[in-house]
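Here the structure is a predicted model, which is why all the values come from computation and not from measurement.
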Amino acid sequence: MERVFNFSAGPSQLPLEVLEQAQQDLLCYPGAGCSVMEMSHRSGSFEEIIHNTEATLRRLMDIPEDYAVLFMQGGASLQFSAVAMNLAKQGQTTNYAITGQFAGKALEEGKRWTNAKAITSSKADTFSYIPKITPALIDPDAAYLHITGNNTIFGTCYNTLPDTGDVPLVADWSSAILGKQIDVKRHGIIYAGVQKNMGPAGMAVVIIRKDLLKREVDPIVPAMMRYKLMADNGSMYNTPPCFTIYMTGLVGQWVEKQGGIAAMEQRNAEKAGILYDTIEQSQLFHNPVAKEDRSIMNETFTLPTEEETKAFLKMAEGRGMINLKGHRSVGGCRASIYNGMPKEGIEALAQCMKDFENGLRK
Ligand SMILES: *Cc1c(COP(=O)(O)O)cnc(C)c1O
């Protein structure tokens with residue numbers, strides 16, 4: 001069977017070169033005599049792997065020295081809770097901008113621990129735009145302001161960051177990290193589940209300004225959720241997700257070979273532009289997102305009827321393009337076009353859309 005173009009939102013298509021490198025190392029990692037899945041996380045080989053993965057991310061994202069990089073389990077979803085429990089005292093005010101389903105879930109977790117307030121929301125317009133956050137909206141005593149940088153389900157993105165003054169900005173960049181330039185210095189915390197754009201499932205990367213590690217943490221907070229404990233132990237308080245850390249390193253090295261994040265962003269914008277242009281020129285396909293808030297990583301689009309949507313998805317699948325169905329909560333279609341999706345995949349999809357509109361059904 002041939003490899004298809006996989007438009008899944010995550011886990012998602014990885015660069016072929018990365019998979020080939022992993023295949024080459026699979027049975028016997030150079031110098032280790034065993035695979036990464038079998039080696040001790042305390043071995044010299046793994047020490048080197050985790051060090052290289054962190055160093056690669058630091059180079060790529062230009063992460064300053066006063067930020068720690070943590071590898072944690074539980075996905076981006078556990079960070080919804082960890083952020084609150086590490087940065088805020090119980091009952092303290094925290095602020096959230098609601099721009100989609102994941103932002104809503106982050107708020108729900110925030111509410112378990114803090115006085116979490118939604119300071120703005122685009123829910124009434126089915127999350128089709130990013131509401132502006134002005135300083136007046138932010139509670140000056142909030143422990144942090146949480147945003148979802150790129151909204152995976154609705155295809156919107158903070159293309160400019162809000163000014164939060166002295167309140168630390170916490171951002172979930174799961175679906176855009178390494179795909180577009182993100183100014184780390186503007187954030188208190190960036191976190192991201194790696195399965196969207198950085199590797200296979202199984203962990204989240206947390207980039208945290210070191211002064212935030214000094215905030216007092218309630219004794220009830222579990223060890224595995226404590227940022228300072230993770231930082232003090234080099235993300236190896238317990239057995240880390242070794243293979244995912246290794247794969248994330250390979251993806252990072254691949255991005256470096258492509259010219260880094262700036263080059264990647266340019267390519268992703270070009271890829272996204274091909275699809276947005278196709279949609280704009282179409283009478284059949286429609287994208288509801290405000291132009292200035294468009295994501296270059298996830299593009300949503302609809303057809304007039306359920307039957308046409310089904311027929312289009314079937315035709316695309318017949319041409320080797322899978323997982324174009326929109327999120328189960330919103331329907332329609334969605335193309336997730338992360339770093340691993342080559343331009344050929346986008347061109348094939350655009351052609352399929354044009355052919356469908358012209359009456360072809362396969
Ligand atoms: C996928 C996703 C999540 C959830 O990630 P998990 O790793 O499955 O917990 C959270 N936020 C955003 C923006 C996502 O795209």
Exercise for the section: Step through the shown structure and confirm whether more than 12 heavy atoms of other residues, nucleotides or ligands are within 6.0 Å of NZ on K210. Expected result: yes

Show me the donor-acceptor pairs within less than 3.5 Å that the side chains of residues 81-91 make with the rest of the protein, sequence neighbours left out.
from	atom 1	to	atom 2	distance (Å)
S81	OG	E109	OE1	3.3
N86	OD1	Y227	N	3.1
N86	ND2	A82	O	2.8
N86	ND2	M225	O	2.7

Exercise for the section: Sequence neighbours left out, what passes ring pair (Phe, Tyr, Trp, His ring centres under 6.0 Å) with Y191? Give chain and number order. Expected result: H146

Handout entry: Side-chain donor-acceptor contact under 3.5 Å, T309 with E306
Key = no

Handout entry: Backbone of S128 reached by a side-chain donor or acceptor of T126 within 3.5 Å
Key = no

Handout entry: Euclidean distance, D211 CG relative to I208 CD1, rounded to 0.5 Å
Key = 8.5 Å

Exercise for the section: Would you mind listing every salt bridge (Lys or Arg N to Asp or Glu O under 4.0 Å) that reaches into residues 114-140, with sequence neighbours excluded? Expected result: K117-D139

Problem - Flag if over 12 foreign heavy atoms under 6.0 Å of CG, D62 - result: no

Practice task
Mind jotting down which residue pairs meet the ring-ring contact (aromatic ring centres under 6.0 Å, His included) criterion with at least one end in residues 104-127? Sequence neighbours excluded, please.
Solution key: F127-F154

Completion exercise
Correct closest heavy-atom pair for A76 and G193 would be CB-N, 3.8 Å

Handout entry: Residues forming a ring pair (Phe, Tyr, Trp, His ring centres under 6.0 Å) with F243, sequence neighbours excluded
Key = Y246

Exercise for the section: Kindly check if the number of other-residue, nucleotide or ligand heavy atoms within 6.0 Å of CZ (R361) is above 12? Expected result: yes

Problem - Exam field: side chain S122 to backbone Y129, donor-acceptor pair closer than 3.5 Å - result: yes

Handout entry: Qualifying salt bridge (Lys or Arg N to Asp or Glu O under 4.0 Å) pairs with a residue from residues 229-239, counting only residues at least two apart or across chains
Key = K228-D232

Could you give the side-chain donor-acceptor pairs of residues 163-173 under 3.5 Å, partners two or more places apart or in another chain?
from	atom 1	to	atom 2	distance (Å)
D163	OD1	G165	N	3.1
T164	OG1	V167	O	2.7
D172	OD1	S174	N	3.0
D172	OD1	S174	OG	2.7
W173	NE1	H187	NE2	3.1

Handout entry: Evaluation steps, salt bridge (Lys or Arg N to Asp or Glu O under 4.0 Å), between E280 and K291
Key = CA-CA 11 Å; E280 267 178 27; K291 226 169 180 173; 3.5 Å; yes

Exercise for the section: Kindly confirm or rule out a cation-pi arrangement of R294 over Y276, judged by NZ or CZ under 6.0 Å from the six-membered ring centre and within 45° of its axis? Expected result: yes

Practice task
Would you please name every residue forming a side-chain contact (heavy atoms from CB on, under 4.5 Å) with S35, sequence neighbours left out?
Solution key: M37, E38

Practice task
May I ask you to test the I296-C157 pair for a side-chain heavy-atom distance under 4.5 Å?
Solution key: no

With a 3.5 Å cut-off and sequence neighbours excluded, list the donor-acceptor pairs that the side chains of residues 348-356 form with protein atoms.
from	atom 1	to	atom 2	distance (Å)
Q351	NE2	D355	OD1	3.0
D355	OD2	R319	NH1	3.1
D355	OD2	R319	NH2	2.9

Problem - salt bridge (Lys or Arg N to Asp or Glu O under 4.0 Å): pairs with one or both residues in residues 251-265, sequence neighbours excluded - result: R59-E256

Handout entry: By ring pair (Phe, Tyr, Trp, His ring centres under 6.0 Å) - contacts of Y144 (at least two apart)
Key = Y96

Problem - Flag, side chain of S175 to backbone of N150, donor-acceptor distance under 3.5 Å - result: yes

Handout entry: Side chains of T156 and D293, donor plus acceptor under 3.5 Å
Key = no

Problem - Pairs touching residues 182-205 that satisfy salt bridge (Lys or Arg N to Asp or Glu O under 4.0 Å), sequence neighbours left out - result: D183-K185

